[in-house]
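The shown structure was predicted, so the numbers you read here are calculated from the model rather than taken from an experiment. In what follows, every chain begins at residue 1, and chains take the letters A, B, ... in the order their sequences are listed.
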Amino acid sequence: MPELPEVETVKRTLESLIIGKQIENVTVSLPRIIRKLAVDEFRRRLVGREIERIDRRGKFLKIVCNPWTLISHLRMEGKYRLVNKEEPIEKHTHVIFHFTDNTELRYKDVRQFGTMDLVPTGEEEKHPPLVTLGIEPFAKNFTSEWLKQNLRQRKAKLKSLLLNQTFIVGLGNIYVDEVLFQAKIHPERVASTLTEEEIDRLHFYIRKVLTEAIEAGGTSVRTYRNGKGEMGYFQVKLQVYGRKNQPCYRCGRLIERIVVAGRGTHLCTNCQQ
DNA sequence: ACACACCCCTGGAAGC
DNA sequence: TGCTTCCAGGGGTGTG
């Protein structure tokens, strides 16, 4: 399930593979992926364009082919692969960007949850799906002070708030659990009740966990692969996610799995009071 | 503001 | 063994 580190890794691998390529044609076999735009119009706008740049905003990839920017969300299992056009097309391939050099960027998505939007470059932040997004964890203004100010009034459970992409972007179920374990905070704590020290730890570990996960190339717990088809290896560093009934690496108590905000939540009830 | 149910979807796991 | 049911999960929407 691609969260910020996985999307950042896909961005970096795709940058090395498709920048400068020219789109010759686009094939869409699952129109539902393309939102608010007919497939013909989607294709018409992209044919002849060059891939100029790739950015990331939260869990969204922004593939810039001026004057348009393709905003792609991988949701659960979306994957991009660059292949030669002779390669057989794998099952669940829904969108193909054919380039002029006989290579193709193929979008494959078993669950079909992924989405693509096409908006004018430079106006991305004014349109859905980016318009409602919250702060970037690596933005300069995301400080411990910012977090203190913004948690003060919030009555939601901390995990719910951290998963809420209109509050802060990039964290999903895996990294929220890992961050809260490192910060030694219970996921069901009401956000406004955190102490300054706890918020300092929370801020520190949001960046630390995400940074280390990016360095590891992301987490492959299900089927995640980067743009080159390679796995990440942060899964070997996970402290709580997916470790139900296994001993906490810090204190030995068995990791528990509860449900918070409708999501499976892993924690050590000894370390996270 | 917040919680919660539901929906999208497939395949692997669990249950029978 | 083979069938059916359950479940995972990001985010959008709708309801209370």
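Residue contacts shown for Arg257(A) are limited to sugar-phosphate atoms, with no base heavy atom under 4.0 Å away. Gly264(A) comes within contact range of the sugar-phosphate backbone alone, with a heavy-atom separation under 4.0 Å but no base atom that close.
At most 12 non-hydrogen atoms from other residues, nucleotides or ligands lie less than 6.0 angstrom from CZ of Arg53(A). Within a 6.0 Å radius of NZ in Lys11(A), other residues, nucleotides and ligands contribute more than 12 heavy atoms. Applying the 6.0 Å contact sphere to CD of Glu41(A) captures more than 12 heavy atoms from other residues, nucleotides or ligands.
Note: His73(A) and Phe113(A) fail the aromatic proximity criterion, with ring centroids not under 6.0 Å apart.
The cationic group of Arg49(A) does not satisfy the cation-pi geometry with Phe97(A), failing either the under 6.0 Å distance to the six-membered ring centre or the 45° limit from the ring axis. Arg243(A) forms no cation-pi arrangement with Phe181(A), by the criterion of a distance under 6.0 Å to the ring centre and an angle within 45° of the ring axis.
A salt bridge is defined here as a Lys NZ or Arg NE, NH1 or NH2 lying under 4.0 Å from an Asp or Glu carboxylate O, and Lys237(A) with Glu212(A) fails to meet this definition. A salt bridge does not link Lys85(A) to Glu104(A): none of the charged side-chain nitrogens sits closer than 4.0 Å to a carboxylate oxygen.
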Using nucleotides 1-3 of chain B, report all nitrogen or oxygen pairs with the protein that are shorter than 3.5 Å.
residue: dC2(B); atom: OP1; partner: Lys155(A); partner atom: N; Å: 2.3
residue: dC2(B); atom: OP1; partner: Ala156(A); partner atom: N; Å: 3.1
residue: dC2(B); atom: OP2; partner: Arg154(A); partner atom: NE; Å: 2.6
residue: dC2(B); atom: OP2; partner: Arg154(A); partner atom: NH2; Å: 2.7
residue: dA3(B); atom: OP1; partner: Lys157(A); partner atom: N; Å: 3.4

Could you write out each protein N or O paired with an N or O of nucleotides 10-12 of chain C at a distance under 3.5 Å?
residue: dG10(C); atom: OP2; partner: Arg263(A); partner atom: NE; Å: 3.1
residue: dG10(C); atom: N7; partner: Arg263(A); partner atom: NH2; Å: 2.8
residue: dG10(C); atom: N2; partner: Arg75(A); partner atom: NH1; Å: 3.2
residue: dG11(C); atom: OP1; partner: His73(A); partner atom: NE2; Å: 2.7
residue: dG11(C); atom: OP2; partner: Lys59(A); partner atom: NZ; Å: 3.2
residue: dG11(C); atom: N7; partner: Arg263(A); partner atom: NH2; Å: 3.4

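Atom CD in Gln182(A) sits 10.0 Å away from atom SG in Cys271(A) (nearest 0.5 Å). Separation of atoms CG (Leu210(A)) and CG (Leu171(A)) is listed at 5.5 Å; rounding is to 0.5 Å.
Within the structure, a side-chain polar atom (N or O) of His92(A) is placed less than 4.0 Å from OP1 or OP2 of dG11(B). Distances shorter than 4.0 Å separate none of the side-chain N or O atoms of Tyr241(A) from OP1 or OP2 on dA8(C).
The NZ-C1' distance, from Lys244(A) to dC7(C), rounds to 12 Å in whole Å. One atom, NZ of Lys108(A), and another, C1' of dC9(B), lie 15 Å apart when rounded to the nearest Å. Atom CZ in Arg32(A) sits about 7 Å away from atom C1' in dC8(B), given to the nearest Å.
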Practice problem: Would you sort out whether Asp109(A) and Arg75(A) count as a salt bridge (Lys or Arg N to Asp or Glu O under 4.0 Å), showing the intermediate values? | Solution: CA-CA 9 Å; Asp109(A) 188 346; Arg75(A) 291 290 173 92; over 6 Å; no
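The rotation axes computed at either terminus of the helix from dC2(B)-dG16(C) to dC16(B)-dG2(C) lie 60° apart, taking five pairs at each end and rounding to 10 degrees.
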